[in-house]
Number of protein chains: 2
Amino acid sequence: MSLLIQNISKHISLTPEEQLLFLSKTETHTFKAKTILLNSGQICKHSYFVNSGILRSFNINDNIVEHILTFACEGWWIGDMYSLISQKPGNLFIEVLEDAEIVMLSKENQDFLYAEIPKLERFFRILTENSLVANQERLMDNLSLSAEERFEKFRRKYPTLLQKVPQKQIASYIGVTPEFFSKMKSKLLRK
Amino acid sequence: MSLLIQNISKHISLTPEEQLLFLSKTETHTFKAKTILLNSGQICKHSYFVNSGILRSFNINDNIVEHILTFACEGWWIGDMYSLISQKPGNLFIEVLEDAEIVMLSKENQDFLYAEIPKLERFFRILTENSLVANQERLMDNLSLSAEERFEKFRRKYPTLLQKVPQKQIASYIGVTPEFFSKMKSKLLRK
DNA sequence: GAGGGCACTTAATTTAGGTTAAGAAAAAAA
DNA sequence: TTTTTTTCTTAACCTAAATTAAGTGCCCTC
C-alpha cells in the first residue's frame with residue numbers, strides 16, 4: 001500500500017474504490033535536489049506529499065535573509081497554505097533539499113475529492129489541526145526559549161534532519177544566524 | 001440570528017433544523033473579567049466562541065513570564081487546541097479580559113455534531129486552516145521583523161484591542177518585555 | 001587538478017532588547 | 001475617600017544575538 005494511503009488511513013478509512021479514486025487524482029513525480037517547486041509571488045496550485053526525500057518551505061526577507069517555515073520529510077505534507085486557500089500569490093518558496101519523490105494533489109482535485117469523498121474533509125481537518133498545534137508550540141517556543149533551548153528541542157524532534165540538511169538551514173529554522181549557530185554549537189560540544 | 005450561526009454560515013449552510021441542533025448542543029454563559037476558564041495542567045473540555053467581551057490564551061514560563069498565544073474578541077473561537085485534540089493536560093490558561101458572553105461547545109458535543117452534521121467537518125476544517133495561516137504569518141514575523149515592525153502590524157491588525165487591553169499584554173503578544181515596549185512606544189510617539 | 005563557489009568557523013564590534021530598580025499614575029478594592 | 005494593587009514609565013546597566021570581516025575546508029565542474 002502506498003505511503004499516502006497509509007497516511008490517510010491513520011485518520012479515516014477509505015474503501016478500495018475511494019483509494020483508487022484518490023490516487024487517480026494525484027500525480028507522482030521525482031525531483032532533483034535544488035528544484036524549486038514553488039516560487040515566491042506565484043499562486044500555489046498543489047499540496048505536496050513527500051514519498052521520499054526532503055523539502056523545505058521558506059521566505060526571503062528584504063531579498064537577503066531566508067527564514068524556514070517547515071521542513072518536510074517522508075510522509076509529510078507541505079504547501080503554501082495561505083496561497084493555496086486564497087489562490088493569491090504567496091511569499092513562500094518550496095524547494096527540494098534532497099532528491100525526492102512527490103505526490104502532487106492539485107487544489108481543483110482536492111476540491112473535487114472533498115465533494116466525492118466527504119470523509120476527506122475530516123482527514124484534512126485533522127491534518128490541519130495537527131499542523132496548527134505544532135505551529136503554536138513553535139511560536140510559543142520562539143517567544144519564551146533561548147536559541148540554545150530551541151536547538152535542543154529541534155534536535156530531539158527531528159534527529160534525522162540534523163544529519164541531512166546544511167546547518168545554516170537549521171539555524172534559519174530556529175531563528176538565528178549561521179554564525180551564531182556555529183558559535184553556539186561549538187560551545188555545546190565543549191561541555 | 002445568533003452571532004455563532006452567522007459565523008458558521010460564512011462557510012457552510014445549515015438548515016434551520018441543523019442550526020437548532022447545533023445550538024442545543026452548546027451552552028451560553030456570561031463571565032466577569034479575570035475569570036479563568038481554563039488552567040494550565042487541566043484538560044481542555046470546550047471550544048469557546050465569543051459573543052461579546054475579550055478573552056486571551058497564554059502560558060507561563062518558569063512560573064514568571066506570561067506569553068500570550070491569542071486574543072479572542074467578538075466572533076472569534078478560542079481554546080487549547082493541543083489539549084482539546086489529545087485530551088491531555090495542556091499548558092495554556094484561558095482568561096476573560098473583559099466581561100464576556102461565551103458559547104461553550106464541549107468536545108463530546110462537537111464529536112456528536114460531526115457525526116450528525118458532517119458538513120461541520122468542513123466548517124471546522126476551514127476555521128482551522130485560517131488559524132494556521134494566521135499563525136504561520138505570526139511565526140514568520142517573529143523570525144524576521146523587529147519589535148517595532150511587529151507592533152506596527154499588530155496595531156493595524158487589531159486596532160480595537162489597542163484601546164482595550166493593558167499594554168503589557170500587547171508587549172507579551174508581540175514578544176517583548178513591558179519595559180521595552182514602553183520605551184519603544186515613547187520613541188514612536190516622539191517621531 | 002585547478003579554480004570557483006558554498007558551507008562552516010572564529011573573532012571583534014555593535015545593537016536590540018532584557019534586567020533591575022524605583023517612582024508615578026491609574027485602577028480596583030475597601 | 002482612602003488604601004492597595006496593578007500598570008506604566010524612566011533610567012542605568014547587562015547580555016544574547018546580529019553584523020562585519022577574514023580565513024578554512026570542501027565539493028563541484030570544467
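This structure is a prediction, so every number in the text was calculated from the model and none was measured. To find a chain, count down the sequence lines: A is the first, B the second, and so on, and within it residues start at 1.
- Between Asp141(B) and the options Lys153(B), Gln136(B), Arg150(B), a side-chain hydrogen bond (donor to acceptor under 3.5 Å, both in side chains) holds for only Lys153(B).
- Residues Lys34(B) and Gln167(B) both approach DNA chain D. Their nearest nucleotides, taken by heavy-atom distance, put Lys34(B) toward the 5′ side.
- Here the straight-line distance linking atom CD of Glu116(A) with atom CD of Glu17(A) works out to 13.0 Å at 0.5 Å rounding.
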Next on the checklist: Protein within reach of the bases, or only the backbone? For nucleotides 17-22 of chain C, mark each nucleotide 5' to 3' as B, S or -, using heavy atoms under 4.0 Å.
Outcome noted: BBBBB-

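- Summarising the geometry, the separation between CG on Leu162(A) and C1' on dA7(C) is reported as 15 Å, rounded to the nearest angstrom.
- One interatomic measurement links the two molecules: CG of Asn142(B) to C1' of dA16(C), which rounds to 15 Å at whole-angstrom precision.
- Rounding to whole angstrom units, CD1 of residue Ile170(A) and P of dT9(C) are separated by 11 Å.
- Summarising the geometry, the separation between CG on Leu97(A) and P on dC6(C) is reported as 16 Å, rounded to the nearest angstrom.
- Glu101(A) contributes no side-chain N or O that, together with a main-chain N or O of Thr28(A), makes up a donor-acceptor pair within less than 3.5 Å.
- Transitive grouping of hydrophobic side chains (ILVMFWY, heavy atoms separated by less than 4.5 Å) keeps Ile126(B) and Met81(A) in distinct clusters.
- As a whole-Å value, the separation of Lys187(B) NZ from dT15(C) P is 12 Å.
- Atom CD of Glu27(B) sits in a sparse spot, with 12 or fewer heavy atoms from other residues, nucleotides or ligands closer than 6.0 Å.
- Looking at Tyr173(B) and Gln169(B), their side chains never bring a donor and an acceptor atom within 3.5 Å of each other.
- Considering only side-chain N and O atoms, Gln169(B) lies nowhere under 4.0 angstrom from the phosphate OP1 or OP2 of dT7(D).
- Checking dT9(C), dA7(C), dT7(D) against the side-chain heavy atoms of Lys168(B) singles out dT7(D) as nearest.
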